[in-house]
Amino acid sequence: MTLCFDQDVVDLARSVVGARLLVRGVGGTVLETEAYGRDDPASHSFRGPTARNAAMFGPPGTVYVYLSYGCHLCLNLVGRPGEAVLIRALLPEVGLAEMVARRGTDRQIASGPGRLGQALAISLSDSGKRFGGGEFALETGSPAPELLVGPRIGISKAAERPWRFGLAGASGLSRPFPEQSRLPARGR
DNA sequence: CTCTAGATAAACT
DNA sequence: GTTTATCTAGAGT
């Protein structure tokens, strides 16, 4: 089932958990996401468009890639203008051998945004491309999975917003969620 | 488990 | 010119 990218970024972040992500034919099930809003001090879009965040202001479904800490490429899905979903962890399923080779290890292949970027061979030049049937494919599964929710990782501003979502019961999350806080099934 | 170094683009002063 | 950043691997306790 195809995903509607034109929705509130928090709803979008929840919809993406459990979806199947394929980048150039390699990928798996999304285990963990975070939402970044337009009026969100933690978001790259907070101070308006710049050269770096231009893709965040592209149409819904745009790919946004940025370089973190000088060495990690992180993959985001743009929703409405200035809003994006950071994809933080993946269950490696398709093209496993290729991902292992890129990572140089068979553990923690895509458990964390930087590791995921490496496993999927993301590059800065992917920023501005589109999620669709081409290089970047994203398909939701039929049963809406049960979700975990918690505060976002590694940010210093608006750290209290519970905008991190994970697949309940999954192994391979970048970090555990606080007290395994399940999101009520209602609301999704 | 905690701590630290690393590596670089872009924003900031 | 300086600081920060949606992080990770590896070493140390």
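Keep in mind that what you see is a predicted model, and the values were worked out from it rather than measured. Residue numbers start from 1 in every chain, and the chains themselves are labelled A, B, ... in the order their sequence lines are given, proteins ahead of strands. Because only heavy atoms are used, hydrogens play no part in the values below, and waters and symmetry mates are left out as well, while side chains stay in.
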Does [X] reach a base, just sugar-phosphate, or nothing at all? Heavy atoms under 4.0 Å.
X: A/L67; value: sugar-phosphate
X: A/A42; value: base
X: A/S174; value: nothing

Problem set entry | Residues A/R152 and A/D40 bridged, charged N to O under 4.0 Å |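 The answer is yes: the pair qualifies as a salt bridge.
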Problem set entry | Salt bridge A/E93-A/R20, side-chain N to carboxylate O under 4.0 Å |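 Salt bridge: yes.
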Problem set entry | From A/L173, A/I153, A/T33, residue fulfilling side chain to side chain contact (heavy atoms under 4.5 Å, CB included) relative to A/R88 |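 Exactly one option meets the side chain to side chain contact (heavy atoms under 4.5 Å, CB included) with A/R88, and it is A/I153.
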For this session: Report the residue from A/V17, A/L91, A/V94, A/L21 that forms a side chain to side chain contact (heavy atoms under 4.5 Å, CB included) with A/T29.
Result: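 Going through the options one by one, the only one that passes is A/L91.
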For this session: Name the orientation class of the two ring planes belonging to A/F131 and A/F5 (parallel below 30°, tilted from 30 to 60°, perpendicular beyond 60°).
Result: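 Rings of A/F131 and A/F5: tilted, 30 to 60°.
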Taking [atom1] from [X] and [atom2] from [N], how many angstroms apart are they, rounded to a whole number?
X: A/I87; N: C/dC7; atom1: CD1; atom2: P; value: 15 Å
X: A/Y66; N: C/dT4; atom1: OH; atom2: C1'; value: 13 Å
X: A/Y69; N: B/dA10; atom1: OH; atom2: P; value: 17 Å
X: A/H72; N: B/dG6; atom1: NE2; atom2: P; value: 13 Å
X: A/Y64; N: C/dA5; atom1: OH; atom2: P; value: 13 Å
X: A/R175; N: C/dT8; atom1: CZ; atom2: P; value: 11 Å
X: A/F46; N: B/dA11; atom1: CZ; atom2: C1'; value: 14 Å
X: A/K157; N: C/dA5; atom1: NZ; atom2: C1'; value: 8 Å

For this session: Consider only side-chain N and O atoms of A/R102 and A/Q118, and report whether a donor and an acceptor are under 3.5 Å apart.
Result: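 No, because no side-chain N or O of A/R102 sits under 3.5 Å from a partner of the opposite role on A/Q118.
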Problem set entry | Minimum heavy-atom distance between A/E83 and A/Q7, given as atom pair plus value |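 Closest heavy-atom pair between A/E83 and A/Q7: OE1-O, 4.3 Å.
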Exercise. For DNA chain B, which ranges pair as stems of 3 or more consecutive Watson-Crick or G-U pairs, with both donor-acceptor distances under 3.5 Å?
Worked result: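 Stem segments, range with range: B:1-6 with C:7-12, B:8-12 with C:1-5.
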For this session: Check whether any side-chain N or O of A/S68 sits under 4.0 Å from OP1 or OP2 of C/dA5, and answer yes or no.
Result: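 For C/dA5, OP1/OP2 do not have a side-chain N/O of A/S68 under 4.0 Å.
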Exercise. Can you check whether A/R52 has a side-chain N or O nearer than 4.0 Å to OP1 or OP2 of C/dA5?
Worked result: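 For A/R52, the contact criterion (side-chain N or O under 4.0 Å from OP1 or OP2 of C/dA5) is not met.
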For this session: With the side chain counted from C-beta on, respond yes when A/L73 and A/Y66 share a heavy-atom pair under 4.5 Å apart, and no when they do not.
Result: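 No; the side chains remain at least 4.5 Å from each other.
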Problem set entry | Residue pair A/R80 / A/R38, side-chain heavy-atom distance below 4.5 Å |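 Heavy-atom side-chain distance check fails, nothing below 4.5 Å.
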Exercise. For residues 88-124 of chain A, which residues have at least one heavy atom under 4.0 Å from DNA chain B?
Worked result: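 Close to the strand, none.
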